[in-house]
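Only heavy atoms go into these numbers, but all of them, side chains included; no hydrogens, no water, no symmetry mates. As the structure is a prediction and not an experimental result, all values here were calculated from the model.
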Amino acid sequence: MTRQIWLLGAVALLAGCESLRPVRVEIPVAVSCVHERPQRPALATDQLPADATVHDKARALLAERHQLRGYVAELEAVIDACEVAR
């Protein structure tokens with residue numbers, strides 16, 4: 001009989017340990033939005049000479065399009081980071 005009581009006690013202790021698992025709790029924390037504004041790129045068309053050919057102007061416009069896409073992506077990343085921080 002004593003052995004059964006010890007066995008039940010050991011099982012109860014082991015069962016109690018099973019229920020003490022760590023639980024992850026996520027608590028939102030207010031964080032200030034401190035990001036530097038991306039620097040505006042020097043656009044390719046601004047650097048063209050006044051007597052540039054049509055081909056040079058077209059090439060500069062295509063390059064400027066890529067420059068602006070990268071700049072807009074950086075701006076959106078800063079805005080998204082600030083919205084997530086709220």
Novice: Just to verify, what does Leu68 make a side chain to side chain contact (heavy atoms under 4.5 Å, CB included) with, not counting sequence neighbours?
Specialist: Leu43, Glu64
Novice: In the hydrophobic clustering that connects Ile, Leu, Val, Met, Phe, Trp and Tyr at side-chain heavy-atom distances below 4.5 Å, which members other than Val78 occupy its cluster, ordered by chain and number?
Specialist: none
Novice: Quick one: closest heavy-atom pair of Ala44 and Ala60, and the distance?
Specialist: CB-O, 3.5 Å
Novice: Could you identify which residues cluster with Val25, counting Ile, Leu, Val, Met, Phe, Trp and Tyr as linked when any side-chain heavy atoms lie under 4.5 Å apart, either directly or through a chain of such contacts?
Specialist: Val23, Ile27
Novice: Under the side chain to side chain donor-acceptor pair (under 3.5 Å) definition, can you give me all pairs with a residue in residues 66-78, not counting sequence neighbours?
Specialist: none
Novice: Test question: given the 4.5 Å side-chain rule for I, L, V, M, F, W and Y, name all other residues clustered with Leu61, or answer none.
Specialist: none
Novice: So which residues get pulled into Val72's cluster when ILVMFWY side chains under 4.5 Å apart are joined, directly or through others?
Specialist: none
Novice: Does anything in residues 32-46 form a salt bridge (Lys or Arg N to Asp or Glu O under 4.0 Å)? List the pairs, not counting sequence neighbours.
Specialist: none
Novice: Listed by chain and number, what are the side-chain hydrogen bond (donor to acceptor under 3.5 Å, both in side chains) partners of Arg65, not counting sequence neighbours?
Specialist: none
Novice: I need the full list of side chain to side chain donor-acceptor pair (under 3.5 Å) pairs touching residues 48-57, with sequence neighbours left out, sorted by first then second residue.
Specialist: Thr53-Asp56, Asp56-Arg59
